[in-house]
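Structure record follows, encoded as structure tokens.
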Amino acid sequence: MTDTQSQPANRYDAALADKIETRWQQWWDQHQVYKQPNPGEPGFDPSRPKFYCLDMFPYPSGAGLHVGHPEGYTASDIICRYKRMRGFNVLHPMGWDAFGLPAEQYAIQTGVHPEVTTRTAIDNFRRQLKRFGFSYDWSREFGTIDEDYYHWTQWIFLKLYNAWFDPEAGNGRGRARHIDELVEEFYTGKRRVRLNPNAAEYTGAGDLPDGTDAGEWSSLDSETKHAIIDSYRLAYLSQQTVNWCPKLGTALANEEVIDGKSERGGYPVFRKPLRQWMFRITAYADRLLDDLANLDWPESTKTQQAEWIGRSEGAEIDFPLLDLRGEKSGESLRVFTTRPDTIFGATYMVVAPEHPIVELTMELPHPETDENALRSYVQWARNRSDIERQENKEKTGVFTGVYVINPATRKKIPVWTSDYVLMGYGTGAIMAVPAQDTRDWEFATKFNLPIVRTVQPPQDWPDDQPFTGDGPAINSDFLNGLSVAEAKQKIIAWLQQHHIGARRVNYRLRDWLFSRQRYWGEPFPIVFDPRGQHHPVAEDKLPVRLPRLTDYQPAESDEPTPLLGKATDWVHTTAAEAGVADLPPDTPVRRETNTMPGWAGSCWYYLRFCDPKNSNRFASREAERYWMVTPELSVEPEEVHDSGTFQPHTQRVGGVDLYIGGAEHAVLHLLYARFWHKVLFDLGEVSTPEPFHKLFHQGLITSHAFQRADRSLVAIDEVENRGTDDKPAYFEIKTNQPVTQIVAKMSKSLKNVVNPDDVIASYGADTFRLYEMYMGPLEASKPWNTRDIVGLHRLLQKIWRLCINEDGSLRLTETHSPDTEKRLHRLVAKVGSDIERLSFNTAIAAIFEFVNDTDIMTRVQTDWFVRVIAPFTPHIGEELWHRLGHHDKGSVAFAPWPVHDEKLLVDDEIEIPVQILGKVRSKIIVPAKADPKALEAAALADPRIAELIEGKSVRKVIVVPGKMVNIVAN
RNA sequence: GCCGGAGUGGCGGAAUGGCAGACGCGGCGGAUUCAAAAUCCGCUUCUGGAAACAGAGUGGGGGUUCAAGUCCCCCCUCCGGCACCA
């Protein structure tokens, strides 16, 4: 590549920027400059350390990139470029999160197939990203909708389907094992044959799961065997209450339902039980919680995950149920409580409206049951969305007519049902202790239920308030006088001794609902036989391809009907065709018609990037190990962890070295990915227990908008400034009312969305990159201010003028300036350390200062300077690099980062402030290495200081060598 | 309500307990120009002062320290997340 035929203009402007940028982008593409070979491939250098830097891949929408995308992407690009110059093998890939609801909705609106709209959006995103000059290895690009990608998404699903969680394995932390090993243990009698006692789908069933030995494995019929095995699988089918919208023909996420109506269209939404695929993520709750400690993640994100998991310690207690005649029935109602110490104050019980006991009571009413009231309440509660429940917290409920015995007081207490008790948490039933719980207090006062204090409140405590704090137990028999903590210990021991309760840990985290009724997602590799039993598709029959539907309009229906049901030829097939080994080949089978949710594809894409073209495995073991394991953090095992044998003391640690993306994914995506990764780790498929070692969230790029006195928002084009730039006075044009400028999210309605293409057209990509990095700290949310961009463009103009003459030749001097040299070494040191700590705004400020103070440089100095700016502004960097004569030596991307001389970083003489009583009164110039005595003497000898302390007595002189002198004199 | 994070000039922001406001934008003044754009130079926290300089100053109030934007306590505001989780 030569640049002789097109001499650029003398000035660096948008046109020149465009010419330089497009030229080098083409050149990078042609020469595959950023292609990073894997171990064993030609050009791979095993002597270099590795660095895996990942951006959260985008969801390509029809609207194209917005200015928020390039923020994190520019940051990671700078780091990757810097790391390459520091001699790292850098894995820096990009791809597309392309299945999911928005694409499908867009397709329905436009009438164009989602495959087409999505591919178009991807092409547009790729074009836009390339225009920024990001150094992605595009040879690794893929989309989650690619068949040879979702092939492995389905394969991972099967891994979870064919796995169970053994709580005793893995040194007591629990570990996933192959389902065959469970069957083997049942068969040999090593393990009691019974339903999984931790199976979420059976909680609330009172005393059902525990203590139900199923007997000899070999004596069981196949249905029972299936039921037992399925209760252990990490992927299982379960009846779940969902927000069903008949008009849209799909279940909706909670955030898509507003006031009981769908967000889109405003159609009514009902809560309906639906059979759905679930993941037993709750089995991993403790490990997901504990392992946060080892991660280099923002504390806020770790906290959010910890709270999402919501571990709470307490006890499960059985309350004996009374039958129709008021006698002990032998059954009991099980509750979870964190305050077993308050059991003597449990004056009534509350169960969720969905609790089995409610259903049972409606069928077999007790003498005091008001059947109609109960029925209508349950009906009403069932149709209430979660959002309605949140909005109106006024307690509601009805008495079921059922009584239980409080095992501590031996008194008969009533069982109520109320929607403030949630079926999904604990056992779906509580013992209500109004005196020590705010919610129970509200309920008890509303329905006139008895309140007995069992913790002594402080003396001045109001009578009309519950007391939830610590204090001595009262009215509690053998617990009286004990503190809350002591009472808990004692009552749990008592409960266990009498076999009516046990210590128990509960989690806020629920099992993960994984089915959608939508079209645009990964099909499940599952079929159903004529008896309704599910079977996995054999691994070598993957992928199960998403059929191409021409009619992807959702069907309006009262009954949930997944869209894939329309693909009748695809749905109805045979065991042989589908690849089910354990059925006779000609057995008619029905394919699973639900699809996976949008999260599926993003759960493991970081693994595929290690080896994206592999058709035998999701990634080769060698590639996965090379990119994911951080040797300096790992204890190298004697034997590699391939076999699935857990080796707690030799495990490799690592994961993606730096993962940059928005904080909005703090919980769901990052938790789901960690879960899948841990399962794959347990099964010996990956080498590290965690997927992402270091995580960083870039801040939100916001914009300006205007606010009326009533706090409503006004779009920016409806406002004018009737003041000056310095003292602005904004008015709404229509009403002539003053409005105030505020910072708001970019949104179409506020007309404050910035399109990156426009900015690049006006200034070029290098300016755009600099601007976004200069706005402020990467993690902070910052308002976009178009006016400020020009400052960064001017910096590039200055850089251009500093290096290029009016006639287009290189501008160099033979005269070596020691001052320039010193400042250049400081620049190298400052920019390098600022990049390491992701402080790009201060690095750019240092470049500003250097350029402002520099007239001309030698060839060697210019060569260094170009390397320093190249990570930030790769196009102008590459242009200058080649003009410096590096034609044949390749890209500046692989030029070594300059090595500064530490000696040039310190001055011989420095100016330090002299304070009197903490106020700066003078400054003195002293040798940098002056000792405290010399500094004190110099300070006291300063004429101004001498004048000011005249007549005062110097009580103390504090000297901080190299920093300052403070004289205490009065 | 609970959990995070943040409040510094007209604006974006800088500052391992050690000169608050680096750097950029905007503004003001000047140079260049027939003129303008662009460019270059100077000034730009507030108050008083021609200046030297003095005083005040990092959301508010207290405290620790020779020294606090930074550490501690209380309060206010804004942003983000969660929210009847027993």
Side-chain angles (χ1 to χ4, degrees), chain A residues 11 13 298-304 306-308 310-312 314 335-339 342 350 386 389-390 392-395 418-422 424-433 436-440 442-443 506-510 663-664 666-667 697 699-700 702 704 723-728 741-745 770-771 774-777 779-792 794-795 797-798 801 839 841-849 852 911-923 955-960 962-969:
Chain A
R11 266 186 27 165
D13 56 12
E299 280 307 315
S300 60
T301 304
K302 289 195 197 181
T303 307
Q304 275 189 55
E307 284 174 0
W308 186 266
R311 185 189 151 99
S312 67
V335 303
F336 172 73
T337 177
T338 55
R339 294 294 302 277
T342 61
V350 187
D386 286 353
R389 290 186 181 201
Q390 281 166 28
N392 185 5
K393 290 185 181 174
E394 178 77 12
K395 295 282 179 290
S418 169
D419 68 355
Y420 86 90
V421 172
L422 310 173
Y425 186 78
T427 60
I430 62 158
M431 63 176 208
V433 189
Q436 275 87 230
D437 184 283
T438 316
R439 298 150 302 180
D440 296 343
E442 286 169 14
F443 193 83
N506 234 305
Y507 302 91
R508 206 191 74 108
L509 181 73
R510 314 287 166 80
E664 67 272 21
V667 175
H697 299 306
L700 207 62
T702 54
H704 288 294
T724 60
D725 276 356
D726 249 18
K727 291 245 155 54
Q741 190 179 44
I742 56 146
V743 167
K745 278 187 187 173
L770 277 182
Y771 172 62
Y774 192 62
M775 289 172 79
E779 68 274 21
S781 116
K782 307 157 283 256
W784 181 273
N785 200 344
T786 302
R787 194 178 68 181
D788 293 345
I789 302 171
V790 69
L792 287 304
R794 288 206 273 253
L795 174 61
Q797 291 177 323
K798 286 182 195 172
R801 269 202 309 278
S839 179
N841 54 333
T842 52
I844 295 166
I847 295 173
F848 262 114
E849 286 183 88
N852 286 342
E911 186 189 63
I912 65 163
V914 181
Q915 301 178 338
I916 298 175
L917 289 172
K919 285 186 189 292
V920 179
R921 296 302 180 180
S922 185
K923 289 174 184 182
R955 309 201 179 271
K956 199 172 174 186
V957 179
I958 292 107
V959 179
V960 185
K963 287 285 184 189
M964 46 73 69
V965 178
N966 189 9
I967 299 165
V968 185

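Lettering of chains follows the sequences in order, A, B, ..., and the numbering in each one begins at 1. Heavy-atom basis, side chains included; hydrogens, waters and symmetry copies ignored.
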Review point. If you measure from the C1' atom in rA20(B) to the same atom in rU39(B), how many Å do you get, rounded?
Key: 32 Å

Exercise for review: Mind checking Pro777(A) for me? I need base, sugar-phosphate or nothing, with any heavy atom below 4.0 Å counting as a touch.
Suggested key: sugar-phosphate

Check your understanding: rC3(B), rC40(B), rC23(B): which one has an atom nearest the side-chain heavy atoms of Thr303(A)?
Key -> rC3(B)

Review point. For residues Asn852(A) and Lys798(A), is any side-chain donor paired with an opposing acceptor at under 3.5 Å?
Key: yes

Exercise for review: Please state whether the phosphate of rG12(B), meaning OP1 or OP2, lies under 4.0 angstrom from any side-chain nitrogen or oxygen of Lys782(A).
Suggested key: no

Review point. Please give, in whole Å, the distance from rG13(B) P to Ile789(A) CD1?
Key: 15 Å

Review point. Below 4.0 angstrom from OP1 or OP2 of rG10(B), is there any side-chain N or O of Arg787(A)?
Key: no

Exercise for review: Could you please name the option among rC19(B), rC84(B), rA38(B) that lies closest to any side-chain atom of Gln915(A)?
Suggested key: rC19(B)

Check your understanding: Is there a side-chain polar atom (N or O) of Lys919(A) under 4.0 Å from OP1 or OP2 of rA56(B)?
Key -> yes

Review point. Partner of rG48(B) by Watson-Crick or G-U wobble geometry, both contacts under 3.5 Å, or none?
Key: rC53(B)

Revision key, fill the gap. Looking only at rA83(B), rC19(B), rA86(B), the nucleotide nearest the Tyr425(A) side chain is rA86(B)

Exercise for review: Answer with base, sugar-phosphate or nothing: what part of the nucleic acid does Phe848(A) contact at a heavy-atom distance below 4.0 Å?
Suggested key: sugar-phosphate

Point to revise | Whole-Å distance separating the CG atom of Leu917(A) from the C1' atom of rG55(B) | key: 16 Å

**Study point:** Heavy-atom pair of closest approach, residues Asp440(A) and Ala432(A)
**Key:** OD2-CA, 3.4 Å

Point to revise | Distance between P atoms of rG13(B) and rG63(B) (Å, rounded) | key: 32 Å

Review point. What nucleic acid atoms does Asn506(A) come within less than 4.0 Å of, heavy atoms only: base, sugar-phosphate, or nothing?
Key: nothing

Review point. For Asn966(A) and rG17(B), what is the distance between atoms CG and P respectively, to the nearest whole Å?
Key: 18 Å

Practice item. Identify which nucleotide among rA14(B), rC23(B), rG18(B) has an atom closest to any side-chain atom of Met964(A), counting heavy atoms from C-beta outward. Key: rG18(B)

Review point. When rounded to the nearest Å, what value does the distance between P atoms of rC2(B) and rG57(B) take?
Key: 33 Å

Review point. When rounded to the nearest 0.5 angstrom, what is the spacing between CG in Leu795(A) and CD1 in Ile844(A)?
Key: 8.0 Å

Point to revise | Nearest-0.5 Å distance, NE2 of residue His697(A) to OG of residue Ser781(A) | key: 14.0 Å

Check your understanding: Side-chain N or O of Gln797(A) less than 4.0 angstrom from OP1 or OP2 on rU39(B)?
Key -> yes

Point to revise | Under 3.5 Å on both distances, the Watson-Crick or G-U partner of rG18(B) | key: rC66(B)

Check your understanding: Can you check whether Arg508(A) has a side-chain N or O nearer than 4.0 Å to OP1 or OP2 of rA83(B)?
Key -> yes

Revision key, fill the gap. To the nearest 0.5 Å, atom CZ of Arg311(A) lies from atom CG of Asn506(A) at 10.5 Å

Study note, to complete from the structure: So CD1 of Ile916(A) and CZ of Arg921(A): to nearest 0.5 Å the spacing works out to 6.5 Å

**Study point:** For atom CG of Asp419(A) and atom P of rC84(B), their distance in whole Å
**Key:** 10 Å

Review point. For rA31(B), which nucleotide in any strand shown is its Watson-Crick or wobble partner with both distances under 3.5 Å?
Key: rU39(B)

Point to revise | Interatomic distance at P, rG18(B) relative to rG4(B), whole Å | key: 26 Å

Review point. For atom C1', what is the distance between rU44(B) and rA36(B), given to the nearest Å?
Key: 25 Å

Exercise for review: Compare side-chain N and O positions of Asn852(A) against OP1 and OP2 of rG24(B) and report whether any pair is under 4.0 Å apart.
Suggested key: yes

Study note, to complete from the structure: Taken to the nearest whole Å, CD/Glu911(A) to C1'/rG18(B) is 15 Å

Practice item. For Arg794(A), report the nucleic acid contact type (base, sugar-phosphate, nothing); a contact means any heavy atom under 4.0 Å. Key: sugar-phosphate

Study note, to complete from the structure: Per atom distances to the Val421(A) side chain, the nearest of rG80(B), rA86(B), rG18(B) is rA86(B)

Study note, to complete from the structure: By the Watson-Crick or G-U definition, both distances under 3.5 Å, rU58(B) is matched with none

Point to revise | Spacing of Lys798(A) atom NZ relative to rU39(B) atom C1', expressed in whole Å | key: 10 Å

Review point. Looking at Val920(A) and Pro913(A), what are the two nearest heavy atoms and their distance?
Key: CG1-CB, 4.1 Å

Practice item. Considering only atom C1', compute the distance from rG9(B) to rU58(B) and round it to an integer number of Å. Key: 10 Å

Study note, to complete from the structure: Among the nucleotides rG55(B), rG10(B), rC84(B), whichever has the atom closest to the side chain of Arg921(A) is rG55(B)

Revision key, fill the gap. Picking from rA14(B), rC19(B), rC66(B), the nucleotide nearest the side-chain atoms of Val968(A) would be rC66(B)

Practice item. If the plane angle is over 60° it's perpendicular, under 30° parallel, otherwise tilted; pick one for Tyr425(A) and Phe336(A). Key: perpendicular

**Study point:** Pair assignment for rG1(B), Watson-Crick or G-U wobble, requiring both distances under 3.5 Å
**Key:** rC82(B)

Review point. Is there a Watson-Crick or G-U wobble partner for rU77(B) with both distances under 3.5 Å, and which nucleotide is it?
Key: rA6(B)

Check your understanding: Base, sugar-phosphate alone, or nothing: which one does Val960(A) contact when heavy atoms must sit under 4.0 Å apart?
Key -> base

Check your understanding: Counting only side-chain N and O atoms of Ser300(A), is one of them less than 4.0 Å from OP1 or OP2 of rC3(B)?
Key -> no

Point to revise | Gap between atoms CG and C1', on Leu792(A) and rC25(B) respectively (whole Å) | key: 10 Å

Check your understanding: Under 4.0 angstrom, heavy atoms only, what part of the nucleic acid is Lys956(A) near: base, sugar-phosphate, or nothing?
Key -> sugar-phosphate

Check your understanding: Of all the choices, rG18(B), rA15(B), rC19(B), which nucleotide is nearest to the side chain of Lys923(A) once you look at every atom?
Key -> rC19(B)

Practice item. Look at the side chain of Glu849(A) and decide which nucleotide, out of rC23(B), rA56(B), rA15(B), has an atom nearest to it. Key: rC23(B)

Revision key, fill the gap. Per the glycosidic torsion and the 90° limit around 0, nucleotide rG63(B) is anti

**Study point:** rG12(B) versus rA67(B) - spacing of their P atoms, nearest Å
**Key:** 32 Å

Point to revise | Among rG80(B), rC19(B), rA86(B), the nucleotide that comes nearest once only the side chain of Lys745(A) is considered | key: rG80(B)

Check your understanding: Just to confirm, is there a sub-4.0 Å distance from OP1 or OP2 of rA14(B) to any side-chain nitrogen or oxygen of Asn841(A)?
Key -> yes

Review point. Minimum heavy-atom separation for Asp419(A) to Leu422(A), with atom names?
Key: O-CD2, 3.9 Å

Exercise for review: Nearest whole angstrom, please: distance from the C1' of rA67(B) to the CZ of Arg955(A).
Suggested key: 18 Å

Review point. Would you call the rings of Tyr774(A) and Phe848(A) parallel, tilted or perpendicular, where under 30° means parallel and over 60° means perpendicular?
Key: tilted

Exercise for review: Select from Thr301(A) and Tyr507(A) the residue whose nearest nucleotide in RNA chain B is closer to the 5' end of that strand.
Suggested key: Thr301(A)

Practice item. Take atom P in rG61(B) and the same atom in rU70(B), then report the distance between them in whole Å. Key: 13 Å

Review point. What does Ser312(A) touch in the nucleic acid at a heavy-atom separation under 4.0 angstrom: a base, only the sugar-phosphate, or nothing?
Key: sugar-phosphate

